Amino acid sequence: MVPEDKIPSHVAIIMDGNGRWAKARHLPRTQGHAEGVKRVEELILQAHHLGIKVLTLYAFSMENWNRPAEEVSMLMRLFIMVLSHRVKDLADQGIRLRFIGRRQGVPAEVLKAIDAAMDNTKHNSELTVNIAFNYGSRAEMVDAFKCVAQDLLDKKITVDEINETAITKYLYTAGQPEVDLLIRTSGEQRISNFLLWQLSYAEFYFTEKFWPEFNAAEFENALKVFATRQRRYGGVYA
Ligand code: FPP
């Protein structure tokens, strides 16, 4: 059990290793993604049960379009399928789905499924699940800077009003707590252009497990490790 007062508010996850999981089993990579979706569904319910407030999942980066066309198109079909069949369950449980990323370049049918999922869950507030899709953190910052510049030109803000709190309001995650815990599976130890601003004071947890192996026990283990961390935010131990 993880002590209740040590449950993070915001957990972000880089779900890595679907392809290697499949390869190790002589299965097509796409099978790894299909198995990965099952872990996503389980994890969302577990996070909800534990009282986590925000879960951000890196589902598809801006760089992922460079994968073989067949894999990209399978992933798009998978997203549409999951969004059209599984969102009702999440909606009924008070879970809100949000998508963070650039809309430009996303196929119209995917956008349609994304918009429907966001609309159907927009009144929920127990757990917010951000799906990072066509996401890149530097692109998010560029978008934020452009909005700041526009607001300056429109005289909605002054230069003196630009500070860290103000910038946070221009990010895709506006209004949400910053990330407490970042998890990356599959043994890789890098951030890959994910939530660069929001991770400033996050604790990092890396595991060798591939994403399809990251079950409830693995998540609980990550939370237990997080519970032992002493967060100092640049200060000293209490
Ligand atoms: C990383 O494994 C995984 C992805 C790029 C896709 C993540 C998508 C899912 C887990 C499923 C869909 C999610 C939602 C929210 C519906 P990889 O292919 O990079 O694995 P590899 O590094 O072993 O090749």
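Start at 1 and go down the list; that is how both ligands and their atoms are numbered. The structure presented is a predicted model; accordingly, all values stated were derived computationally and were not measured.
- The side chain to side chain contact (heavy atoms under 4.5 Å, CB included) test with Ile13 is passed by exactly one of Leu182, Val40, Leu55: Leu55.
- Classification of the Tyr233-Tyr201 ring pair by plane angle, with boundaries at 30° and 60°, yields tilted.
- The residue from Trp21, Trp211, Phe79, Tyr58 that puts a heavy atom closest to atom 12 (C) of ligand 1 is Phe79.
- Of the options Asn64, Ile44, Val129, the smallest heavy-atom separation from atom 5 (C) of ligand 1 is shown by Asn64.
- Of the possible donor and acceptor atoms, one in the side chain of Asn134 sits under 3.5 Å from a partner among the backbone N and O of Gln104.
- Polar contact check, Arg20 against ligand 1: a nitrogen or oxygen pair lies under 3.5 Å apart.
- Side-chain atoms of Asn215 and Lys209, non-hydrogen and from C-beta on, never get closer than 4.5 Å to each other.
- Using a 4.5 Å heavy-atom threshold, the side chains of Gln176 and Lys53 count as separate.
- Of the candidates Asp16, Ile131, Thr185, Leu97, Ile131 brings a heavy atom nearest to atom 15 (C) of ligand 1.
- When all heavy atoms are compared, the tightest approach of Leu152 to Ile157 is CD2-O, 3.6 Å.
- The protein non-hydrogen atom at the shortest distance from atom 3 (C) of ligand 1 is Met15 O, 3.2 Å.
- Of all atoms in ligand 1, numbered sequentially from 1 with element shown, those under 4.0 Å from a heavy atom of Val37 are 11 (C), 12 (C).
- Residue Arg67 places a heavy atom under 4.0 Å from ligand 1.
- The protein heavy-atom contact nearest to atom 10 (C) of ligand 1 is Asn18 ND2, 3.4 Å.
- Under the 30°/60° scheme for interplanar angles, the aromatic rings of Phe206 and Phe204 are found to stand perpendicular.
- For the ligand labelled ligand 1, residue Glu188 lies outside the 4.0 Å heavy-atom shell.
- Across Ala34, Ala59, Gly17, heavy-atom proximity to atom 7 (C) of ligand 1 is greatest for Ala59.
- For the residues Met81, His33, Arg39, the heavy atom positioned nearest atom 4 (C) of ligand 1 is part of His33.
- Of the protein's heavy atoms, Arg29 NH1, 2.9 Å lies nearest to atom 24 (O) of ligand 1.
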| said: Run the side chain to side chain donor-acceptor pair (under 3.5 Å) test on Tyr172 and Asp143 for me, step by step, so that the C-alpha distance in whole Å, both residues' side-chain angles and the decisive distance to 0.1 Å come before the verdict. | reply: CA-CA 9 Å; Tyr172 302 153; Asp143 291 348; 2.6 Å; yes
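- Side-chain N or O atoms of Ser137 include one that pairs as donor or acceptor with a backbone N or O of Leu196 at under 3.5 Å.
- Residue-to-ligand polar distances place Gly19 within reach of ligand 1: an N/O pair is separated by less than 3.5 Å.
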